[in-house]
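In what follows, a structure is listed as structure tokens, so that the remarks can point back to it.
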Protein chains: 2
Amino acid sequence: MVLVEVAQLRGIVLDVLLTHDVPEQAARLQTDLLIAAELGGHPSHGVLRLRRIIERIRAGVSDPCATGQHAWTGTALLDVDGQQGLGPVVAMSALDAIRERARTTGVAAAVIRHNNHLGMLSWYVEQVARDGQVGIATCTSEALVHPWGGRRPLIGTNPIAIGVPAAPQPLVFDMATGLVSMGKIHDHAQRGLALRPGWALDADGEPTTDARAAVNGAIAPFGGAKGYALGLSLEVLVATLTASAAGTEVRGTLDSDQPSSKGDVFIVFDRPQQAVVEAMGEYLQSIRDTEPTTGTTSVLVPGDRARLRRELTLDRGVEVTDEVWRDLSALGKPPGIPPVKAKSEHR
Amino acid sequence: MVLVEVAQLRGIVLDVLLTHDVPEQAARLQTDLLIAAELGGHPSHGVLRLRRIIERIRAGVSDPCATGQHAWTGTALLDVDGQQGLGPVVAMSALDAIRERARTTGVAAAVIRHNNHLGMLSWYVEQVARDGQVGIATCTSEALVHPWGGRRPLIGTNPIAIGVPAAPQPLVFDMATGLVSMGKIHDHAQRGLALRPGWALDADGEPTTDARAAVNGAIAPFGGAKGYALGLSLEVLVATLTASAAGTEVRGTLDSDQPSSKGDVFIVFDRPQQAVVEAMGEYLQSIRDTEPTTGTTSVLVPGDRARLRRELTLDRGVEVTDEVWRDLSALGKPPGIPPVKAKSEHR
């Protein structure tokens with residue numbers, strides 16, 4: 001592992017993107033998203049992704065200059081052709097439009113197709129919630145999850161995120177509907193660790209604890225039959241609203257040469273009354289303050305863990321794997337400066 | 001158990017409501033909802049609930065003549081004061097308004113407070129989906145679920161439902177975010193059955209398999225930490241949007257004398273293109289057709305089970321418990337006709 005100061009890592013990622021002719025504003029957004037994932041303790045959605053982003057630009061299946069074509073199909077519904085732009089660039093452009101629109105319509109939504117990987121959905125809904133509005137986000141992804149009772153991967157890991165303002169800290173919820181991520185399976189395979197029973201099936205659809213066998217198999221849905229039904233329902237909801245692909249037809253977030261065929265959906269509600277924002281803060285605090293079970297030190301609410309982790313990482317710096325560090329050097333200008341112990345970054 | 005023909009049961013429930021001065025249209029809606037629950041195999045949301053509905057009317061905390069006061073706080077956002085009306089009456093009035101509005105706004109939402117129990121959310125989103133639009137519904141309920149790592153019930157069983165048109169049958173998803181229902185705990189207590197480990201805590205917040213001890217305790221969230229985070233996020237989302245109560249402040253669906261303080265949220269998207277509706281039907285069929293795991297006979301998609309059950313029940317009749325059957329007699333005019341083997345009901 002290499003320990004890198006946050007500001008330095010940010011500079012390296014930004015340089016790589018600028019080197020590949022990504023316009024500065026787009027490069028800054030994409031960098032913010034990747035660094036936010038590292039800060040929140042989600043390296044699977046962090047700078048690890050930069051290599052694929054660059055490969056897709058080089059292969060011409062991602063257009064770093066596109067911001068998405070907007071069409072209001074209803075006064076509160078924005079239809080977006082993402083034009084294979086960068087995920088956060090297309091998404092933030094759409095999100096800005098519906099946040100503004102929701103001020104008069106009360107609720108507004110964006111349905112997006114032909115857009116690249118969004119990264120962490122929490123990044124979007126947290127910004128909406130910090131700005132005082134309520135945000136919901138969901139999207140499809142490559143089929144990696146098996147149906148409850150089935151053998152084959154037919155459903156994406158389809159995440160859902162909800163951001164709600166609360167005083168002093170917003171509720172920021174973000175989860176995938178797979179029991180574990182394929183990233184975790186790969187990580188276990190690489191480190192020679194066994195999977196827990198129930199996590200995955202092998203390529204023949206048989207239960208396995210061998211991570212290398214699971215890489216070509218399927219992940220279990222979280223929460224059994226209920227979680228399966230939720231994940232599948234999000235797949236059908238998103239594919240329907242965005243008129244994009246579903247199931248095994250979804251491409252473009254795990255490969256470097258296929259146009260993206262997934263869909264993204266954002267819903268924004270205009271700002272609640274301040275009294276409600278304060279009441280929700282108190283309710284969330286009452287949950288943090290509840291007596292924990294034996295063996296549990298504290299009860300957290302959605303957003304707490306990432307916030308704590310962020311403070312820690314800003315202080316300590318980001319740990320990146322040797323492989324990712326080599327990638328960063330190979331992809332852009334060599335960082336030149338050796339990694340140092342980070343102090344703190346003000347933002 | 002008493003086996004009752006569907007048409008007869010429908011007539012009995014309707015009579016009970018009319019006897020208590022529920023206006024005919026409202027009585028028909030409430031009856032449809034309760035019968036639909038029986039048909040779909042969800043007796044916990046069926047005629048069992050009639051006694052509480054009547055007790056609440058008698059106690060003056062439910063107003064069977066109210067349909068809810070509508071105020072458009074944005075062109076696509078309907079704010080509803082339910083005026084303590086009957087759940088399905090207030091909800092259908094709001095849902096009708098936003099279904100119509102979504103035709104021009106593309107997406108529209110209703111946020112409802114002071115409304116009585118909605119019953120099965122699938123009943124609402126299925127109607128939206130059968131009519132070609134896309135529906136999402138969620139609501140809060142009394143705190144019965146403990147936070148992940150906590151001992152006390154602080155979160156509702158907050159269900160979420162999604163209905164999406166698909167050819168030939170819509171996707172109809174509806175789940176509570178508790179691992180099991182309190183109805184099931186009560187049922188186990190009554191029948192002297194043990195709970196499965198992990199289902200519930202006792203009044204001291206300790207794990208228990210004794211159903212009688214769990215009745216005064218807390219239900220586990222479904223899906224572990226993820227399911228907890230989803231259920232809590234729905235609680236905060238709904239309470240915020242509807243400016244209604246959260247956590248242990250929620251009243252009015254499990255008692256007969258408190259005004260309802262929960263919230264309901266509906267979101268409707270206007271109709272997708274027919275080609276998409278057909279593609280989604282094919283995708284869902286590919287999931288039904290996938291090879292099942294050893295020991296599983298078939299893979300279902302959300303809505304299948306209730307549909308199969310409905311056909312069976314229409315043919316065979318509804319089984320109601322002796323207790324519910326006595327309630328029905330006590331609440332309204334005595335049915336007079338002894339229960340007979342049902343044939344079929346055409347609707």
Side-chain angles (χ1 to χ4, degrees), chain A residues 72-77 102 104-109 134 147-152 154 160 162 164-166 171 173 175 205 222-224 226-227 229-230 232-233 236-237 239-241 243 246-247 267 269-270 272-273 276-277 279-280 283-284 286-287 290-293 296 298-302, chain B residues 72-77 102 104-109 134 147-152 154 160 162 164-166 171 173 175 205 222-224 226-227 229-230 232-233 236-237 239-241 243 246-247 267 269-270 272-273 276-277 279-280 283-284 286-287 290-293 296 298-302:
Chain A
W72 290 95
T73 55
T75 46
L77 186 60
T104 51
T105 55
V107 61
V134 173
W148 192 242
R151 290 174 179 271
R152 310 285 165 212
L154 296 175
I160 177 166
I162 298 174
V164 185
L171 175 133
F173 163 67
M175 71 161 191
F222 96 104
K226 282 189 180 194
L230 174 63
L232 174 57
S233 298
V236 172
L237 178 75
T240 296
L241 294 178
I267 305 173
F269 286 85
D270 201 24
Q273 304 150 22
V276 173
V277 174
M280 284 307 110
Y283 171 56
L284 291 174
S286 77
I287 289 185
T290 194
E291 188 192 350
T293 50
T296 305
S298 64
V299 174
L300 296 178
V301 308
Chain B
W72 290 95
T73 54
T75 46
L77 185 61
T104 51
T105 55
V107 61
V134 173
W148 192 243
R151 291 173 177 271
R152 310 284 165 213
L154 296 175
I160 177 166
I162 298 174
V164 184
L171 174 132
F173 163 67
M175 71 161 192
F222 96 105
K226 283 191 179 192
L230 175 64
L232 174 58
S233 299
V236 173
L237 178 76
T240 297
L241 294 178
I267 304 172
F269 286 86
D270 201 26
Q273 304 152 23
V276 173
V277 174
M280 284 307 111
Y283 171 56
L284 291 174
S286 77
I287 289 184
T290 194
E291 188 191 352
T293 49
T296 305
S298 63
V299 174
L300 297 179
V301 307

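If you're wondering where the values come from, they're calculated on a predicted model, not measured in any experiment. So you know, we letter chains A, B, ... as the sequences are listed, proteins then strands, and number each from 1.
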For [X], is it the side chain, the backbone, both or neither that has a heavy atom under 4.5 Å from a heavy atom of chain A?
X       : value
T296(B) : side chain
L230(B) : both
T104(B) : backbone
L171(B) : side chain
S286(B) : backbone
L154(B) : both
V301(B) : both
V236(B) : both

If you count heavy-atom pairs under 4.5 Å between each of [options] and chain A, which one has the most?
options                           : value
D270(B), I287(B), I160(B)         : I287(B)
T73(B), T290(B), L232(B), V134(B) : L232(B)
V299(B), L284(B), T75(B)          : T75(B)
T240(B), V276(B), I267(B)         : T240(B)

Interchain contact, [X] with chain B, by part (heavy-atom threshold 4.5 Å):
X       : answer
L237(A) : both
V107(A) : both
A108(A) : backbone

Grab the two heavy atoms, one from [X] and one from [Y], that are nearest each other, plus how far apart they are.
X       : Y       : value
A109(B) : F269(A) : CB-CE2, 3.7 Å
A246(A) : M280(B) : CB-CE, 3.9 Å
R152(A) : G205(A) : NH1-N, 4.0 Å
F222(A) : G227(B) : CE1-N, 3.9 Å
G150(A) : T293(B) : O-CG2, 3.4 Å
I162(B) : S233(A) : CD1-CB, 4.1 Å

Note: vs chain B, highest number of non-hydrogen pairs under 4.5 angstrom among W72(A), Y283(A), W148(A) is Y283(A)

- Item | Top contributor to chain B interface from G224(A), A229(A), G223(A) [non-hydrogen pairs under 4.5 Å] |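 Looking at each of G224(A), A229(A), G223(A) in turn, A229(A) comes out on top.
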
